[in-house]
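Report on the following structure.
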Amino acid sequence: MTALTLTACGEEETIETEPSSEWDRIQEEGTLTVGTSGTLLATSYRDEESGELTGFEVEVVRELGERLDLEIEFRELGFDEMLTSVSTGQLDMAANDIEVTEDMTNQFLFSTPIKYSYGTAVVRKDDLSGIESLEDLEGKKAAGVSTSVYMQIARDYGAEEVTYDNATNEIYLRDVSIGRTDVILNDYYLSKFGVAAFPELNITIHPDIQYLPSEVGLVVNQDNEELLEQVNETLGEMLSDGTISEISAEFFDGADVSVEPDIEEEN
């Protein structure tokens, strides 16, 4: 009987409860940690007057948190550090105009797209930086983030890469204006907002360059499928009831970035 009792006790001691999921942990803590740059007009930046973090994706995430009954803790990081922190579990999510690409979907899970756009080029207003098409990028100095799809395009066309460490939009744009660099390849809506924010600079959006239709979503770790399900369900509600369209209009001069644009893509 003693042996049986010990055996029974031993069996009880080896019983383990199922580990909780990341979504369970997030609900228990009541906080969603989200990486963003705080330097990207008009997606994630600090308001000049209040100093408060705001922007299209910042406000989308805040509304998402409210509907999920979660506090949002933003952490301002450079692009590469942000993605590394998501992949290692230090962040639950990243929100920083991150495009859905084949390479990225092999590393992360993406939410339902919340923004559709296409690529454009910011150049000098007086001479378009000597650029008529993407083929003219060869030998030009292209500013941007080294790991972005836009910088890859610049490299593919022979441009000289100029990178910054989480610099503000003003620094990027001013360098083009004064000729330190020649061009910034980037998302159309972000570029439009940035150019409009600094009317004193000698910069403009190239009138003839349109390429790379894109989709942007929120990014989570590949193992956080349950979190993604919750996020997608809530984003679906926000898209259906017009909330994301309203937030878009606030930050993109009335435009609805949740609708796919009709463009003539450059060959």
Original post:
When clusters are formed by joining ILVMFWY residues with side-chain heavy atoms under 4.5 Å apart, either directly or through shared neighbours, do V259 and V100 land in the same one?
Top reply: no

Subject >> Any donor-acceptor N or O pair under 3.5 Å, side chains Y150, E99 >> reply: yes

**OP:** Decide yes or no for I131 and L128: does some side-chain heavy atom of the first lie under 4.5 Å from some side-chain heavy atom of the second?
**Re:** no

**OP:** Determine, stepwise, if the pair V231 / M93 fulfils side-chain contact (heavy atoms from CB on, under 4.5 Å).
**Re:** CA-CA 10 Å; V231 168; M93 180 186 295; 3.7 Å; yes

Subject >> E226, CD atom: more than 12 neighbouring heavy atoms under 6.0 Å >> reply: yes

Subject >> Backbone N/O of Q222 and side chain of Q107: donor-acceptor pair under 3.5 Å >> reply: no

Original post:
For the atom pair CG (L70) and CG (L32), what is the distance rounded to the nearest 0.5 Å?
Top reply: 6.0 Å

**OP:** Check whether more than 12 heavy atoms from other residues, nucleotides or ligands sit under 6.0 Å from atom CD of E29, and answer yes or no.
**Re:** yes

**OP:** Please answer whether the main-chain N or O of L201 pairs with a side-chain N or O of S177 as donor and acceptor at a distance below 3.5 Å.
**Re:** no

Original post:
Considering only heavy atoms from C-beta outward, does the side chain of S245 approach that of L239 to under 4.5 Å?
Top reply: no

Subject >> Stepwise side-chain hydrogen bond (donor to acceptor under 3.5 Å, both in side chains) check, S146 with E161 >> reply: CA-CA 8 Å; S146 181; E161 179 178 331; 2.8 Å; yes

Subject >> Within 6.0 Å of CD in E200, more than 12 heavy atoms from elsewhere >> reply: yes

Original post:
Can V216 be reached from Y211 by stepping across I, L, V, M, F, W or Y side chains whose heavy atoms are under 4.5 Å apart?
Top reply: no

**OP:** Treating Ile, Leu, Val, Met, Phe, Trp and Tyr as nodes and any side-chain heavy-atom pair under 4.5 angstrom as an edge, say whether Y116 and I209 lie in one connected cluster.
**Re:** no

Original post:
For the side chain of T105 and the backbone of E102, is there at least one donor-acceptor N/O pair under 3.5 Å apart?
Top reply: yes

**OP:** Evaluate the criterion side-chain contact (heavy atoms from CB on, under 4.5 Å) for residue pair D47 and L53; output intermediate values, then yes/no.
**Re:** CA-CA 6 Å; D47 183 85; L53 184 67; over 6 Å; no

**OP:** Look at the rings of Y45 and F193 and say which category their plane angle falls in: under 30° parallel, 30 to 60° tilted, over 60° perpendicular.
**Re:** tilted

Original post:
Given side chains that start at C-beta, do those of F251 and V257 come closer than 4.5 Å, heavy atoms only?
Top reply: no

Original post:
If you take all heavy atoms of V220 and V86, which pair is closest and at what distance?
Top reply: C-CG1, 3.7 Å

Original post:
Rounded to the nearest 0.5 Å, how far does OG of S111 lie from CG of N232?
Top reply: 5.5 Å

Subject >> Check against side-chain hydrogen bond (donor to acceptor under 3.5 Å, both in side chains), T243 and D241 >> reply: CA-CA 6 Å; T243 299; D241 66 21; 2.6 Å; yes

**OP:** Indicate the atoms forming the closest heavy-atom contact of L185 with A121, along with that distance.
**Re:** CD2-CB, 3.7 Å

Original post:
When hydrophobic residues are tied together by side-chain contacts of less than 4.5 Å, even through go-betweens, does V183 share a cluster with I178?
Top reply: no

Original post:
Would you find more than 12 non-hydrogen atoms of other residues, nucleotides or ligands less than 6.0 Å from D156 atom CG?
Top reply: yes

Original post:
For the atom pair OH (Y157) and CG (D136), what is the distance rounded to the nearest 0.5 Å?
Top reply: 10.5 Å

Original post:
Of all heavy-atom pairs between S44 and N96, which one has the smallest distance, and what is that distance?
Top reply: CB-OD1, 3.8 Å

Original post:
Is the shortest heavy-atom distance from the side chain of S214 to the side chain of S117 under 4.5 Å?
Top reply: yes

**OP:** Check the side chains of T33 and D92 for a donor-acceptor pair under 3.5 angstrom, ignoring hydrogens and angles.
**Re:** yes

**OP:** Check the side chains of Y164 and D175 for a donor-acceptor pair under 3.5 angstrom, ignoring hydrogens and angles.
**Re:** yes

Subject >> Sole residue of E250, R62, E59, R46 in side-chain hydrogen bond (donor to acceptor under 3.5 Å, both in side chains) with T54 >> reply: E59

Subject >> Over 12 non-hydrogen atoms of neighbours within 6.0 angstrom of CG in D253 >> reply: no

Original post:
Hey, what do you get for OG1 (T112) to CD (E233), rounding to the nearest 0.5 Å?
Top reply: 10.5 Å

**OP:** Determine, step by step, whether S37 and F79 satisfy the side-chain contact (heavy atoms from CB on, under 4.5 Å) criterion, reporting the C-alpha distance in whole Å, the side-chain angles of both residues, the deciding distance to 0.1 Å, and the verdict.
**Re:** CA-CA 7 Å; S37 67; F79 186 75; over 6 Å; no

**OP:** Ignoring hydrogens and angles, tell me if any N or O in the side chain of T88 forms a donor-acceptor pair with the backbone of T84 under 3.5 Å.
**Re:** yes

Subject >> Given I244, V61, L64, the one that forms side chain to side chain contact (heavy atoms under 4.5 Å, CB included) with I114 >> reply: I244

Original post:
If every non-hydrogen atom of N186 is compared with every non-hydrogen atom of S191, which pair is closest and at what distance?
Top reply: CB-OG, 3.6 Å

**OP:** Check whether more than 12 heavy atoms from other residues, nucleotides or ligands sit under 6.0 Å from atom CZ of R180, and answer yes or no.
**Re:** no

Original post:
Taking atom CD of E246 and atom CE of M238, what is their separation to the nearest 0.5 Å?
Top reply: 10.0 Å

Original post:
Got a donor-acceptor contact below 3.5 angstrom from the D97 side chain to the T43 backbone?
Top reply: no

Subject >> E73 bridged to R75 by N-O distance under 4.0 Å >> reply: yes

**OP:** Provide the closest heavy-atom pair for V162 versus M151 in the form atom of the first, atom of the second, distance.
**Re:** O-CE, 3.9 Å

**OP:** Pick out which of L190, I205, I184 makes a side chain to side chain contact (heavy atoms under 4.5 Å, CB included) with T120.
**Re:** I205

Subject >> Distance in Å, E57 CD paired with S248 OG, rounded so as to fall on 0.5 Å steps >> reply: 11.0 Å

Original post:
Would you say L83 and F108 make side-chain contact, with heavy atoms under 4.5 Å?
Top reply: yes

Subject >> Any I98 side-chain heavy atom under 4.5 Å of F110 side chain >> reply: yes

**OP:** Check the pair V58 / F74 against side-chain contact (heavy atoms from CB on, under 4.5 Å), numbers first and verdict last.
**Re:** CA-CA 9 Å; V58 169; F74 286 108; 3.8 Å; yes

Original post:
Quick check: does any side chain N or O of T39 sit under 3.5 Å from a backbone N or O of T168, one acting as donor and the other as acceptor?
Top reply: no

Original post:
If you take all heavy atoms of V123 and V176, which pair is closest and at what distance?
Top reply: C-CG1, 3.9 Å

Subject >> Electrostatic pair K192:D187 at N-O distance under 4.0 angstrom >> reply: no

Original post:
If you group Ile, Leu, Val, Met, Phe, Trp and Tyr by side-chain heavy-atom gaps below 4.5 Å, do L227 and M104 land in one group?
Top reply: yes

Original post:
Counting distance only, does the side-chain N/O of K140 pair as donor-acceptor with the main-chain N or O of S129 below 3.5 Å?
Top reply: yes

**OP:** Can you establish whether the number of heavy atoms outside E237 located under 6.0 Å from its atom CD is more than 12?
**Re:** yes

Original post:
Is there side-chain contact between R124 and D182, with at least one heavy-atom pair below 4.5 Å?
Top reply: yes

Original post:
Can you find a heavy atom in the side chain of F56 that is under 4.5 Å from one in the side chain of I247?
Top reply: yes

